[in-house]
Amino acid sequence: MHDPLLTVDGLTTEFATTHGSIRAVEDVSFDLAPGEKLGIVGESGSGKSVTARTVMRLLDDNGRIEAGSVRLNGRELTTLSERELTGVRGTEIAMIFQDPMSSLTPVLTVGTQITETILEHQDVSKARAREQAIELLDRVRIPDPESVIDTYPHELSGGQRQRVLIAIAISCDPDVLIADEPTTAVDVTIEAQILELLEDLVEEREMSLVQITHDLGVVAETCDRVAVMYAGRIVERGDVMDVFVEPRHPYTAGLLRSTPRIADVEPALLPGNVPEPGERPGGL
Ligand code: ADP
Ligand code: MG
């Protein structure tokens, strides 16, 4: 048995606030095998982004890891120095953030922001980094990458900005990609395109994926396993199909009922025959 690529164990994160300390993530554990796609699903405020930021060690200043461990490629991340973390982020684990406008710097061109990451991690010339950036923009299906590379984020559409963030995230070939609701800011058509792009990239670059979403339909379409978060905790986990067919936690059943898109999931995703109407398990 290979060790999992990423093992999160008992992770607990607190924030200091004027009203005292808030426990945003409590005793969260999951692991991720090479090539696996894990969905973390839950409504807004359930602790998904804080979980991701804790794993990346990119917490807000008032945040603190209270307990738990994060092991990536056999190395403990919770105790690494900031300098050591710089070597890990980008090359071993990368994250696509929820809001592309605030994750990109408005005053720097797209090209500068992509090449910055490349130059930080790879021993290449500036000219070569620029070439790589153009190739990456092309790969994330941005038309006319030779021109787009010299534009500023505000000149791009929301979907294009998200593609730029994806280009930055994959620029140094990470083993694990965390996508934190990458399609919040775009419409449904673009959402489908971006999710498809992510799937293709994950396959092609043999990455493992943590897909964070409030949408169970997205999990059904893109993940092997799912962890359901509620109020800072994982309340249910399992293979996507098992959880969908027979949710054990009432919260999961509620999420399923409030996700009309599940009805559109292709039947091929469900093994066996579609249950007769009288035999359908609750929650579907
Ligand atoms: P989501 O599941 O929507 O991604 P989050 O992980 O962003 O939820 O947030 C989980 C909880 O942590 C929320 O109640 C949020 O208000 C709180 N939280 C996040 N960041 C901070 C912070 N810097 N200070 C205080 N509370 C925070
Ligand atoms: Mg979030």
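Every heavy atom of this structure was used, including side-chain atoms; hydrogens, water molecules and symmetry mates were not. Indexing begins at 1, ligand by ligand and atom by atom, following the structure's order. Residue numbers count from 1 along this sequence.
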Identify all pairs of nitrogen or oxygen atoms, one from ligand 1 and one from the protein, separated by less than 3.5 Å, and list them with distances.
from     : atom 1 : to    : atom 2 : distance (Å)
ligand 1 : 2 (O)  : Ser46 : N      : 3.1
ligand 1 : 2 (O)  : Ser46 : OG     : 3.4
ligand 1 : 2 (O)  : Gly47 : N      : 3.0
ligand 1 : 2 (O)  : Lys48 : N      : 2.9
ligand 1 : 2 (O)  : Lys48 : NZ     : 2.8
ligand 1 : 3 (O)  : Gly45 : N      : 2.7
ligand 1 : 4 (O)  : Ser49 : N      : 2.9
ligand 1 : 4 (O)  : Ser49 : OG     : 2.9
ligand 1 : 6 (O)  : Lys48 : N      : 3.4
ligand 1 : 6 (O)  : Ser49 : N      : 3.2
ligand 1 : 6 (O)  : Val50 : N      : 2.8
ligand 1 : 8 (O)  : Gly45 : N      : 3.4
ligand 1 : 8 (O)  : Gly47 : N      : 3.4
ligand 1 : 23 (N) : Asp60 : OD2    : 2.8
ligand 1 : 23 (N) : Asn62 : OD1    : 3.1
ligand 1 : 24 (N) : Asn62 : ND2    : 3.0

Restricting to side-chain hydrogen bond (donor to acceptor under 3.5 Å, both in side chains), what partner residues turn up for Ser81, sequence neighbours left out?
Glu84
With a cut-off of 2.8 Å, strictly less than, protein N/O/S atoms near the Mg ion (ligand 2) add up to 2
Which word best sums up how the rings of Tyr152 and His154 line up, parallel for under 30°, tilted for 30 to 60°, or perpendicular for over 60°?
parallel
Tell me whether Asp61 at atom CG has more than 12 heavy atoms from other residues, nucleotides or ligands lying less than 6.0 Å away.
no
Does Ile93 reach the side chain of Val55, with side-chain heavy atoms less than 4.5 Å apart?
yes
Taking atom CZ of Phe97 as the centre, report whether more than 12 heavy atoms of other residues, nucleotides or ligands fall under 6.0 Å from it.
yes
Is any side-chain N of the basic residue among Asp180 and Lys48 closer than 4.0 Å to the acidic one's carboxylate O?
no
Does a salt bridge link Asp31 with Arg237, judged by any charged N lying under 4.0 Å from a carboxylate O?
no
Under the side-chain hydrogen bond (donor to acceptor under 3.5 Å, both in side chains) rule, what pairs show up with a residue in residues 11-23, not counting sequence neighbours?
Thr13-Thr54, Glu14-Ser21, Glu14-Arg23, Arg23-Glu26
Is it true that, when you exclude Glu146 itself, more than 12 heavy atoms of the residues, nucleotides or ligands shown sit nearer than 6.0 Å to its CD?
yes
